[in-house]
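Here's the structure, in structure tokens; my notes come after.
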Amino acid sequence: MEDSATEAGQGGPALELRGVAKRYGPVTALSGVDLEVAPGEILGLLGRNGAGKTTLMSVVAGLLRPDAGRVRVLGRDPVREPREARRRLGLAPQELGVYPPLTVRQNLTFFAELAGLRGRAASRRVEEVAEPLGLTGLLDRRAGRLSGGEQRRVHTGMALVHRPALLLLDEPTAGVDVGTREQLLELVRAMAAGGTAICYSTHYLPEVETLGGSVAMLHDGRVVARGDVKELVRRSGDSGIELTFSGSPPQLALPWPVVRDGRVLRLTVEQPHLVVERVMGALGAAAGELTNLRIAQPSLESVFLRVTGRRYDSEGTDGTDGTDGGEGAR
Ligand SMILES: Nc1ncnc2c1ncn2[C@@H]1O[C@H](COP(=O)(O)OP(=O)(O)OP(=O)(O)O)[C@@H](O)[C@H]1O
């Protein structure tokens, strides 16, 4: 089998989408998506629930046909050349896909054999994949008897056993403990260092900041921000003060933009620590209803808030819209 991670290095992007659109009946899931991911790049694919992340990965993997636009996986079209494209990518979907009655080794071997490996070559590859995922000691256990986090690691291993040049991980750290999260992130870094392009969706922004690659923010099926994490935060991340009240927030006479978000007021201001006293003074009697004050430094979260007007909470489902007419709302 050719080493497709090496193949990815021969110029050209690992993944390319141009004007990709996808609807489900009346629902527009993707609309005019342009995206390029280079070999060795770690792309954090961010967006709240329903933004289109899973649809995008499914279109790239050839599981869904786009209504418009073109997709290329290492130059191959997942619609016209499904086998060629599939051979070059690995997909670990959100839903766990392990076979419970089989052992971990049998699960991984099955996928190694699908990729054309046989005998010693397949068993060597299974052991190679098991090691960084912390699965070596679990290889002969039944997958169905493992914990959720252990099953997640097996599931991820199944996606990369054939050395894909493009790896699609849909929320690989959902519901796993800190140790498993670290192992998965370490694996992502190591694979990227070896030339694999990784497209990684998560609801946990600090994780993407830790990985330090690039991000694409999806909102209502569109890419609304794209770039290197540090650069995006430097360019578009606001700092500010977030005030939470027990009741309805007061009107504030302050010179900075304020967004009202349910019981929260968000002030955008540079060097927020220097103006805390002034903000407290402006609260007057409402200070008694203040339940929390948080100084927010520029982060991916503040970038997301700026480009979408919505908060990116850890579940992606806070249901607030952040622009309900607060004074000086941006
Ligand atoms: N099979 C389907 N039939 C109809 N609508 C769908 C289907 N799959 C997804 N959708 C809709 O398409 C939009 C995008 O969904 P998608 O699953 O791609 O979002 P997501 O960003 O992956 O969300 P999450 O973070 O919740 O996984 C949503 O409005 C969703 O309700």
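Counting starts at 1 for both ligands and their atoms, in listed order. By convention here, the first residue in the shown sequence is residue 1. Values reported hereafter were calculated over all heavy atoms of this structure, with side chains retained and with hydrogens, waters and symmetry mates removed.
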Atom pairs and distances, donor-acceptor, side-chain atoms in residues 25-37, under 3.5 Å, two or more places apart:
{"unit_1": "T28", "atom_1": "OG1", "unit_2": "R23", "atom_2": "NH1", "d": "2.9"}
{"unit_1": "S31", "atom_1": "OG", "unit_2": "R222", "atom_2": "NH2", "d": "3.2"}
{"unit_1": "D34", "atom_1": "OD1", "unit_2": "G19", "atom_2": "N", "d": "2.7"}
{"unit_1": "E36", "atom_1": "OE2", "unit_2": "R18", "atom_2": "NH2", "d": "2.5"}

Taking CZ in R142 as the centre, count heavy atoms belonging to other residues, nucleotides or ligands within less than 6.0 Å. Is the count above 12?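 Atom CZ in R142 is not packed in, count stays at 12 or less.
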
Can you check whether P298's main-chain N or O pairs, donor with acceptor, with S302's side chain at less than 3.5 Å?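 Looks like no, no N/O pair under 3.5 Å.
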
Under the 3.5 angstrom rule, does the side chain of S201 hit a backbone N or O of E171 as a donor-acceptor pair?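 Yes; judged by distance alone, with no hydrogens or angles, the pair exists.
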
Side chains of R226 and S214: donor-acceptor distance under 3.5 Å anywhere?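 There is such a pair between these side chains.
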
Can you produce the list of protein nitrogen or oxygen atoms under 3.5 Å from a nitrogen or oxygen of ligand 1, alongside each distance?
{"unit_1": "ligand 1", "atom_1": "18 (O)", "unit_2": "T55", "atom_2": "N", "d": "2.9"}
{"unit_1": "ligand 1", "atom_1": "18 (O)", "unit_2": "T55", "atom_2": "OG1", "d": "2.5"}
{"unit_1": "ligand 1", "atom_1": "19 (O)", "unit_2": "G52", "atom_2": "N", "d": "3.2"}
{"unit_1": "ligand 1", "atom_1": "21 (O)", "unit_2": "A51", "atom_2": "N", "d": "3.1"}
{"unit_1": "ligand 1", "atom_1": "21 (O)", "unit_2": "G52", "atom_2": "N", "d": "2.9"}
{"unit_1": "ligand 1", "atom_1": "21 (O)", "unit_2": "K53", "atom_2": "N", "d": "2.9"}
{"unit_1": "ligand 1", "atom_1": "21 (O)", "unit_2": "K53", "atom_2": "NZ", "d": "2.8"}
{"unit_1": "ligand 1", "atom_1": "22 (O)", "unit_2": "T54", "atom_2": "N", "d": "2.8"}
{"unit_1": "ligand 1", "atom_1": "22 (O)", "unit_2": "T54", "atom_2": "OG1", "d": "2.8"}
{"unit_1": "ligand 1", "atom_1": "23 (O)", "unit_2": "G50", "atom_2": "N", "d": "2.8"}
{"unit_1": "ligand 1", "atom_1": "25 (O)", "unit_2": "N49", "atom_2": "ND2", "d": "3.2"}
{"unit_1": "ligand 1", "atom_1": "25 (O)", "unit_2": "K53", "atom_2": "NZ", "d": "2.7"}
{"unit_1": "ligand 1", "atom_1": "25 (O)", "unit_2": "H203", "atom_2": "NE2", "d": "3.0"}
{"unit_1": "ligand 1", "atom_1": "26 (O)", "unit_2": "N49", "atom_2": "ND2", "d": "2.8"}
{"unit_1": "ligand 1", "atom_1": "27 (O)", "unit_2": "Q94", "atom_2": "NE2", "d": "3.2"}

Does R125 qualify as a cation-pi partner of F111, given the criterion of NZ or CZ under 6.0 Å from the six-membered ring centre and within 45 degrees of its axis?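 So R125 doesn't make the cation-pi contact.
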
